[in-house]
Each structure stands twice: as C-alpha cells, then as structure tokens.
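What follows is a single structure, written as structure tokens, with notes after it.
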Amino acid sequence: NTEYHDLTGGFLGQPLNIINVDSINKIIRNHPYVEAVRVSKWYPSKMKIEIIEREPIAILNVEPMILLDKNSFVLPHKIAKSNFSLPILNNFNSDLDLYPYGGKARSESVENCIGWLNQIKIEYPSLYMNISEMKMTSDNHMNIILSDYPTRIFLGKDQIWKKIKILKEFETELLPN
C-alpha cells in the first residue's frame, strides 16, 4: 500500500542495524486505518511489516457521513461512500464532537449499535448483509430495516440481542431442510 510505504519511506535504504523498529511501529500504528501492526527485522537486509487494517462496519448518517469500524473507531473517508454496502445508522446524536476521526465514538447508543452489528456480522452474516439501516426512534427504540422487500423489524430498547437471536431462530425454522 503506497500510503504505508510513504509513512516508512524515510527508513528505506538505511542499514538494518540502525533502524529503530519501535519508531516504525509507532508511525504506522498512528494511522487511523491501522488496527494492529508488527514490525520485525529479517537479517541480514530485510524488514517485515504486518498490518491489520480497520474495516468499516457501518455508516453513521450525519453531515458529513461517518464510517465506523467494529470497535466504534471513526474512520476517515479513504474511498467514496458509494463503494460501501454497509448498514446506515440513522437518527443518532449528530454532534460531531462525539465522533473524533481516528478515535472511538463517544455516543453510547452508537457504540451499542456497532456492538450488535459486529455480533450479527459474526453470528448471523446473512442478516448483516441484508441490513439496510439501523434506526433509533425518538423514544430510543431500535429498528432494523432490511434491504429485502424492505422489511422493518422493531426491536424496542431492551434485550436487543435476545430479540435478534429469536429472529435468527425464526429464519432457521423457515429455511428448507
């Protein structure tokens, strides 16, 4: 990736024994899309840099729209929003101070939603792929709107995950054997 190459370019061509691995690690780790990094020297003349990138899991519908990863970190727009097929979070607090770029979202409601989406993505990927929108109502009830048909699912404001598990069981019963 040229973005990471540019970050480490100042170290290129230097003898391996004078390169400070911790400095490179810190430079790369501070990039907002980097979730984890490991830098190691491979003697006599190589360095290996392994990066795990953050991936958007949802788009928060505020102005400007905000990408969030599975840990509620606010990601800068690296790629046009239209390239993402992600659930949109609607009717959440739009105060931009709650969503610092490169930092964790400070809205408890958004953080809860991201947690549910992450769990859905892991345990119930077909539902995650079908979620068009997660919407907070004026009385703090949660709704999911599916892409199919479009179907609205009212989850309320208590025991959300329990209701999502019931939805999964319902789908399992309806699927042909």
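Of all heavy-atom pairs spanning Val74 and Pro100, the tightest one is CB-O, 3.3 Å. Across all their heavy atoms, Tyr101 and Leu75 have their closest contact at CE2-O, 3.6 Å. Closest of all the heavy-atom pairs between Met47 and Val39 is SD-CG1, 3.6 Å. Minimum interatomic distance between Leu67 and Pro76 (heavy atoms only, all atoms of both residues): CD1-O, 4.1 Å. Between Leu117 and Ala58, the closest heavy-atom pair is CD1-CB, 3.7 Å. The nearest pair of heavy atoms linking Pro64 to Leu96 is CD-CD1, 3.9 Å.
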(request) Begin with the C-alpha distance, continue with both residues' side-chain angles, and end with the deciding distance and a verdict on salt bridge (charged side-chain N to carboxylate O under 4.0 Å, His left out) for Glu111 and Arg106. (result) CA-CA 8 Å; Glu111 196 169 345; Arg106 296 182 190 130; over 6 Å; no
(message) For a side-chain contact (heavy atoms from CB on, under 4.5 Å) check, start with the C-alpha distance between Trp116 and Met134, then their side-chain angles and the critical distance, and finish with the verdict.
(response) CA-CA 10 Å; Trp116 296 321; Met134 284 189 89; 4.2 Å; yes
(request) For side-chain contact (heavy atoms from CB on, under 4.5 Å), just list the numbers for Ile114 and Leu89, CA-CA rounded to whole Å, side-chain angles, deciding distance to a tenth of an Å, and then say yes or no. (result) CA-CA 9 Å; Ile114 293 296; Leu89 305 181; 4.0 Å; yes
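Residues Glu55 and Asp69 form no side-chain contact, since every pair of their non-hydrogen atoms from C-beta on lies 4.5 Å or further apart. Proximity of Pro56 to Leu68: side-chain heavy atoms (C-beta onward) are nowhere separated by under 4.5 Å. Ile88 places none of its side-chain heavy atoms less than 4.5 Å from the side chain of Ile131. Ile57 is listed as a side-chain neighbour of Tyr128, based on a closest heavy-atom distance under 4.5 Å. The shortest side-chain heavy-atom distance between Asn90 and Leu60 does not fall under the 4.5 Å cut-off. Counting heavy atoms from C-beta outward, Tyr99 and Asn93 have side chains that approach closer than 4.5 Å. Under the 4.5 Å side-chain criterion, counting only non-hydrogen atoms from C-beta, Lys70 is in contact with Glu35.
For the pair Arg54 and Phe73, the cation-pi test (distance below 6.0 Å, angle within 45°) is passed.
Both Ile24 and Tyr43 are members of a single hydrophobic cluster when ILVMFWY side chains are connected at heavy-atom separations under 4.5 Å. Cluster annotation: Ile49 and Ile52 are assigned to distinct hydrophobic clusters (Ile/Leu/Val/Met/Phe/Trp/Tyr, side-chain heavy-atom contacts under 4.5 Å, transitive).
Checked by atom type and distance alone, the side chain of Asp95 pairs as donor or acceptor with a backbone atom of Asp97 at under 3.5 Å. For the pair Asn91 (side chain) and Lys135 (backbone), a donor-acceptor distance under 3.5 Å is absent.
Atom CG of Asn20 is separated from atom NZ of Lys26 by 10.5 Å, given to the nearest 0.5 angstrom. Annotation: the span from Ser94 atom OG to Ile66 atom CD1 amounts to 9.5 Å, rounded to 0.5 Å. Of the inter-residue distances, the one linking Met136 atom CE with Asn112 atom CG reads 8.0 Å to the nearest 0.5 angstrom.
Atom CD of Glu123 is surrounded by more than 12 heavy atoms from other residues, nucleotides or ligands within 6.0 Å. The environment of OH in Tyr149 is sparse: at most 12 heavy-atom neighbours from other residues, nucleotides or ligands sit within 6.0 Å.
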Identify all side-chain donor-acceptor contacts of residues 156-166 below 3.5 Å with residues at least two apart in sequence or on another chain.
unit_1 : atom_1 : unit_2 : atom_2 : d
Lys163 : NZ     : Leu155 : O      : 2.7
Lys163 : NZ     : Asp158 : O      : 3.0

N/O donor to acceptor pairs below 3.5 angstrom from side-chain atoms of residues 138-146, sequence neighbours left out:
unit_1 : atom_1 : unit_2 : atom_2 : d
Asp139 : OD1    : Thr137 : OG1    : 2.5
Asp139 : OD1    : His141 : ND1    : 3.1
Asp139 : OD2    : His141 : ND1    : 3.2
His141 : ND1    : Asp139 : O      : 3.2

